[in-house]
Amino acid sequence: MPELPEVETTLRGIAPHITDRTILECVFRTEKLRWPLDTDLCYLLPGEKISRVERRAKYLLLFCGHGTLILHLGMSGSLRIVSADTTEQKHDHVDLIFTDGQCLRLTDPRKFGAFLYTDADPYTHKLLLHLGPEPLTDDFTGDYLYSVSRGKKQSIKQFIMDQKVVVGVGNIYASEALFSSGIRPDRAAGRVSLKRLRSLVVAIKAILQKAILAGGTTIHDFNQADGKPGYFTQQLQVYGRSGDRCVICGETILSQKLGQRSTFYCPQCQS
DNA sequence: ACGCTCTCCTGGCCGC
DNA sequence: TGCGGCCAGGAGAGCG
């Protein structure tokens, strides 16, 4: 569920509740998520104050007095603000309890998420160091995409999902953006023209922005445990629609696997 | 360097 | 209704 728009929505939702709050207690209810949880944090974090919260790619950065928490929601994670005495439910793996009685609770059925801590500048952490540009900034342009894609045989869809190329384009939005810009997802990245890459970049920005706008009102849907697209389903043109008619030309939408991931496209509109 | 495959984990859904 | 198999929106690790 968490693609970039959901992470951004989460950031906006939690930041006002945890900024300038002091941690009273850190509770782990599982040994590991994607990586083992550092139990030292249970005595290192109490007394630390969250000074600010930022997002980089799909990572959330919680700056504390002496270090920074690096969180990732994986495929099924969500963060909520609850009262510290709210009974935990299945898959509630981490609580960050504050002195004002509020609690930041991490839920993640599939345990693909991350809850890490670093003393150093988090942007130099190896998970963040080699990330590509943010898609919604002016650093992400068709000309940039053109320059880094020349000679690449990898499919354009896998290419734009590579976090070193650009961050935040997940499996759903990759199919949607390629449909919107008329590019077949299995076309080699190095063989897409500058003109079409400019169109693709415009499409990526538009769809992410649209989803962020939709996200604010639908954050409750985050709790859905299943793997289905949530609030954005109504607006999807090709994702999950194989066998349906293309909304533009009426041709049958096809699907194929690219890099183990389901990919959807219209064979008529995309070339 | 590049690109491919595997992997972590739980749960929902489909077909038999 | 029960069970096995398959699928899921991320992305790092390891390999050739």
Side-chain angles (χ1 to χ4, degrees), chain A residues 1-10 29-37 55-60 70-78 89-94 106-116 125-132 135 148-178 185-191 204 207-208 211-212 214-215 218-219 221-243 255-264:
Chain A
M1 182 153 299
E3 297 221 20
L4 187 139
E6 286 81 358
V7 179
E8 179 65 27
T9 302
T10 297
R29 298 192 193 85
T30 186
E31 285 187 16
K32 65 188 285 268
L33 296 173
R34 175 165 195 151
W35 294 286
L37 293 167
R55 177 187 63 75
R56 172 68 174 117
K58 294 174 191 168
Y59 293 94
L60 289 169
I70 302 175
L71 277 56
H72 196 290
L73 300 177
M75 272 176 151
S76 59
S78 63
Q89 303 194 331
K90 202 175 179 185
H91 310 307
D92 289 347
H93 301 306
V94 181
L106 174 66
T107 305
D108 186 3
R110 289 174 69 184
K111 294 188 173 180
F112 284 2
F115 191 94
L116 303 169
H125 191 279
K126 72 169 185 174
L127 290 176
L128 277 71
L129 191 57
H130 301 293
L131 292 174
V148 294
S149 61
R150 291 312 89 186
K152 295 290 194 292
K153 294 176 186 161
Q154 193 178 34
S155 73
I156 183 65
K157 189 217 177 203
Q158 288 175 273
F159 189 71
I160 59 173
M161 287 178 66
D162 183 340
Q163 304 297 294
K164 291 189 290 300
V165 173
V166 59
V167 303
V169 180
N171 198 41
I172 293 179
Y173 298 146
S175 278
E176 292 298 311
L178 288 164
D186 58 358
R187 176 177 282 271
R191 306 203 46 180
I204 289 171
I207 196 159
L208 290 178
I212 288 173
T218 53
I219 190 161
D221 292 350
F222 268 56
N223 285 357
Q224 288 178 353
D226 62 43
K228 283 205 166 64
Y231 62 87
F232 217 66
T233 315
Q234 310 302 323
Q235 300 177 54
L236 297 178
Q237 315 245 280
V238 287
Y239 186 88
R241 294 186 180 273
S242 53
S255 70
Q256 72 176 124
K257 289 274 186 187
L258 286 177
Q260 325 283 96
R261 313 300 297 278
S262 298
T263 304
F264 302 85

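Proteins get letters first, then strands, A, B, ... in listed order; numbering begins at 1 in each. Just so you know, these numbers come straight off a predicted model, no measurement behind them.
For the pair F112(A) and dG10(C), the ring geometry qualifies as stacking, because the centroid separation is below 5.5 Å while the planes lie within an angle under 30°.
The main-chain N or O of G113(A) is never found under 3.5 Å from a side-chain atom of R34(A) such that the two would form a donor-acceptor pair.
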- Verdict with supporting geometry, D108(A) and L73(A), side-chain contact (heavy atoms from CB on, under 4.5 Å): CA-CA 7 Å; D108(A) 186 3; L73(A) 300 177; over 6 Å; no
- Message: Walk me through whether V169(A) and I204(A) qualify under side-chain contact (heavy atoms from CB on, under 4.5 Å).
- Response: CA-CA 8 Å; V169(A) 180; I204(A) 289 171; 3.9 Å; yes
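Looking at residues two or more places apart in sequence or on another chain, you find a side chain to side chain contact (heavy atoms under 4.5 Å, CB included) between T30(A) and L33(A), L37(A), H93(A), K111(A). For V238(A), the side chain to side chain contact (heavy atoms under 4.5 Å, CB included) partners are S175(A), E176(A), F179(A), I253(A), F264(A), not counting sequence neighbours. Under the salt bridge (Lys or Arg N to Asp or Glu O under 4.0 Å) criterion, R29(A) pairs with E88(A), D95(A), sequence neighbours left out. Listed by chain and residue number, D92(A) satisfy the side chain to side chain donor-acceptor pair (under 3.5 Å) test with T107(A) (two or more places apart in sequence, or in another chain). Residues passing the side chain to side chain contact (heavy atoms under 4.5 Å, CB included) test with Y59(A) are A57(A), I70(A), H72(A), L127(A), L128(A), L131(A), sequence neighbours excluded. With sequence neighbours left out, the salt bridge (Lys or Arg N to Asp or Glu O under 4.0 Å) criterion links R55(A) to E8(A), E134(A).
Residue H91(A) places at least one side-chain N or O under 4.0 Å from the OP1 or OP2 atom of dG11(B). Proximity of Y59(A) to the phosphate of dG12(C): a side-chain N or O atom is located under 4.0 Å from OP1 or OP2.
Rounded to whole angstrom, the span from the CE atom of M75(A) across to the C1' atom of dA11(C) amounts to 9 Å. Between the CG atom of L116(A) and the P atom of dG12(C) there is a distance of 11 Å, given to the nearest Å. In this entry the distance linking NZ of K90(A) with C1' of dG11(B) reads 9 Å, nearest Å. What separates CZ of R56(A) from P of dG10(C) is a distance of 17 Å, to the nearest Å. Counting to the nearest Å, the P atom of dA11(C) and the NZ atom of K157(A) are 13 Å from each other. The distance between atom CD1 of I70(A) and atom P of dA11(C), rounded to the nearest whole Å, is 14 Å. In this structure, CD of E6(A) is placed 13 Å from C1' of dG10(C), rounded to the nearest angstrom. With rounding to whole Å, H130(A) atom NE2 is found 16 Å from dA11(C) atom P.
Here L33(A) lies out of heavy-atom contact (under 4.0 Å) with every strand. No contact: K164(A) has no heavy atom under 4.0 Å from any strand.
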Extract all donor-acceptor atom pairs below 3.5 Å that involve side chains of residues 155-162 of chain A and protein atoms in other chains or at least two apart in sequence.
| unit_1 | atom_1 | unit_2 | atom_2 | d |
| --- | --- | --- | --- | --- |
| S155(A) | OG | Q158(A) | N | 3.2 |
| S155(A) | OG | Q158(A) | OE1 | 3.2 |
| K157(A) | NZ | N171(A) | OD1 | 2.5 |
| K157(A) | NZ | S262(A) | O | 3.4 |
| K157(A) | NZ | T263(A) | OG1 | 2.9 |
| D162(A) | OD1 | K164(A) | N | 2.8 |

- Task: At under 4.0 Å between heavy atoms, which parts of nucleotides 1-7 of chain B does protein reach? Answer with one letter per nucleotide, 5' to 3': B base, S sugar-phosphate only, - none.
- Result: -SSS-S-
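Among the nucleotides dC8(B), dG12(C), dA11(C), the one closest to the side chain of R261(A) is dA11(C). The K111(A) side chain lies nearest to dT10(B) when the options are dA11(C), dG12(C), dT10(B).
dC3(C) and dC9(B) are spaced 23 Å apart, taking the P atom of each and rounding to whole Å.
DNA chain C contains the following stems of three or more consecutive Watson-Crick or G-U pairs, with both distances under 3.5 Å: B:2-8 with C:10-16, B:10-16 with C:2-8.
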